[in-house]
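Just so you know, these numbers come straight off a predicted model, no measurement behind them.
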Amino acid sequence: MTVRDCSAQEFISAYASQLKRAGKLEVPTWVDIVKTGAYKELAPYDPDWFYVRAAAVARHIYLRKHVGVGALRKLHGGSKNRGNRPSHHYDASGSVERKIVQALEKIKVLELDERGGRRITEDGRRDLDRIASSILAAKRQGDDEEDEE
């Protein structure tokens, strides 16, 4: 079972909670006050948003071979409300994306790719596959219990 086999929402929430429980991910001191992009008006409401974003970045890099910070900025960007003028796409904060990638590198989930950007390590792939298989096993067990009733 791989990450491709389970839904993104379930995987990201499970991996974010695992990252928080492990306590290995280095979280910057400014996470409670920073905006995640110039197009945002407020900081995130969720106090664990750094773990959720880190899980989303790890999943994104797992699904693609090598990804750089610029691609992650574009991925997590959004439209800026420009008043009565038309909205335009703005990229997310490069500092936030860079700090997340560096934190995932420190816990050996990501590594630098020789072609540019980051790629997932063997240990990182094993961890992500283990979490995905546990999600699918729990889902399958829940389906079995419903069938028995």
Side-chain angles (χ1 to χ4, degrees), residues 1-140:
M1 301 293 162
T2 65
V3 175
R4 293 182 190 276
D5 299 330
C6 65
S7 76
Q9 184 176 0
E10 290 173 347
F11 176 79
I12 290 172
S13 63
Y15 190 49
S17 65
Q18 194 266 338
L19 284 173
K20 185 174 182 183
R21 256 181 292 139
K24 293 179 183 176
L25 194 70
E26 189 176 305
V27 179
T29 56
W30 42 256
V31 293
D32 53 342
I33 56 172
V34 73
K35 297 191 313 180
T36 56
Y39 64 97
K40 296 279 192 176
E41 292 185 6
L42 296 171
Y45 288 122
D46 184 9
D48 299 331
W49 71 267
F50 194 81
Y51 298 104
V52 174
R53 179 68 65 92
V57 166
R59 179 183 180 275
H60 186 78
I61 295 176
Y62 179 99
L63 296 176
R64 288 154 188 83
K65 298 300 179 226
H66 52 278
V67 178
V69 172
L72 294 172
R73 288 185 67 194
K74 189 178 287 188
L75 171 74
H76 292 123
S79 62
K80 181 173 176 70
N81 181 3
R82 302 182 339 135
N84 63 353
R85 297 173 298 170
S87 299
H88 288 288
H89 177 85
Y90 275 62
D91 291 345
S93 169
S95 175
V96 170
E97 300 296 336
R98 195 168 45 255
K99 296 297 181 194
I100 287 172
V101 167
Q102 289 169 353
L104 288 171
E105 275 183 341
K106 277 190 179 171
I107 61 171
K108 305 277 192 275
V109 174
L110 300 180
E111 63 186 2
L112 276 173
D113 192 17
E114 61 273 355
R115 294 174 289 182
R118 302 317 201 279
R119 69 172 176 221
I120 202 103
T121 62
E122 286 299 318
D123 292 341
R125 184 173 300 277
R126 193 177 314 115
D127 289 346
L128 270 59
D129 286 341
R130 182 178 41 79
I131 290 167
S133 61
S134 68
I135 291 169
L136 291 170
K139 194 174 195 178
R140 198 173 303 120

Checklist entry - Which is it for V67 and H60 under the side-chain contact (heavy atoms from CB on, under 4.5 Å) test, yes or no, and what are the steps along the way? => result CA-CA 8 Å; V67 178; H60 186 78; 4.0 Å; yes
Determine whether a donor-acceptor pair (N or O, by modelled atom type, separation under 3.5 Å) exists between the side chain of [X] and the backbone of [Y].
{"X": "W49", "Y": "V31", "value": "yes"}
{"X": "R73", "Y": "A92", "value": "yes"}
{"X": "D127", "Y": "G124", "value": "no"}
{"X": "S79", "Y": "S87", "value": "no"}

Student check: side-chain heavy atoms of [X] and [Y] closer than 4.5 Å:
{"X": "V57", "Y": "E97", "answer": "yes"}
{"X": "T2", "Y": "D5", "answer": "yes"}
{"X": "D32", "Y": "P47", "answer": "no"}
{"X": "E111", "Y": "R119", "answer": "yes"}
{"X": "C6", "Y": "L136", "answer": "yes"}

Next on the checklist: Before you tell me yes or no, could you show the steps for R126 and D123 under salt bridge (charged side-chain N to carboxylate O under 4.0 Å, His left out), namely the whole-Å CA-CA distance, both residues' side-chain angles and the distance that decides it to 0.1 Å?
Outcome noted: CA-CA 5 Å; R126 193 177 314 115; D123 292 341; 2.9 Å; yes
Taking atom [atom1] of [X] and atom [atom2] of [Y], what is their separation to the nearest 0.5 Å?
{"X": "I120", "Y": "I61", "atom1": "CD1", "atom2": "CD1", "result": "6.5 Å"}
{"X": "R53", "Y": "L72", "atom1": "CZ", "atom2": "CG", "result": "9.0 Å"}
{"X": "Q18", "Y": "L25", "atom1": "CD", "atom2": "CG", "result": "10.0 Å"}
{"X": "S134", "Y": "D129", "atom1": "OG", "atom2": "CG", "result": "11.0 Å"}
{"X": "I135", "Y": "S7", "atom1": "CD1", "atom2": "OG", "result": "7.0 Å"}

Are there over 12 heavy-atom neighbours, none belonging to [X], within less than 6.0 Å of that residue's [atom1]?
{"X": "K80", "atom1": "NZ", "answer": "yes"}
{"X": "Q102", "atom1": "CD", "answer": "yes"}
{"X": "E114", "atom1": "CD", "answer": "yes"}

Checklist entry - Does NZ or CZ of R59 fall inside the cone over Y15's six-membered ring, less than 6.0 Å from its centre and within 45° of the axis? => result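 R59 over Y15 ring: no.
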Ignoring hydrogens, what is the shortest heavy-atom contact between [X] and [Y]? Give both atom names and the distance.
{"X": "V3", "Y": "Y62", "value": "CB-CE2, 3.5 Å"}
{"X": "K35", "Y": "V96", "value": "O-CG2, 4.2 Å"}
{"X": "A14", "Y": "S17", "value": "O-OG, 2.8 Å"}

Checklist entry - Does the pair L128 and F11 meet the rule for a side-chain contact (heavy atoms from CB on, under 4.5 Å), with working shown? => result CA-CA 9 Å; L128 270 59; F11 176 79; 3.5 Å; yes
Item to check | From I12, L19, I100, residue fulfilling side-chain contact (heavy atoms from CB on, under 4.5 Å) relative to Y51 | outcome: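 The single option meeting the side-chain contact (heavy atoms from CB on, under 4.5 Å) with Y51 is L19.
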Checklist entry - What residue among R98, K99, R118 forms salt bridge (Lys or Arg N to Asp or Glu O under 4.0 Å) with E105? => result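 The passing option is R118.
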Next on the checklist: Could you go through H88 and R82, starting from their C-alpha distance and side-chain angles, then the distance that decides it, and tell me whether this counts as side chain to side chain donor-acceptor pair (under 3.5 Å)?
Outcome noted: CA-CA 8 Å; H88 288 288; R82 302 182 339 135; 3.3 Å; yes
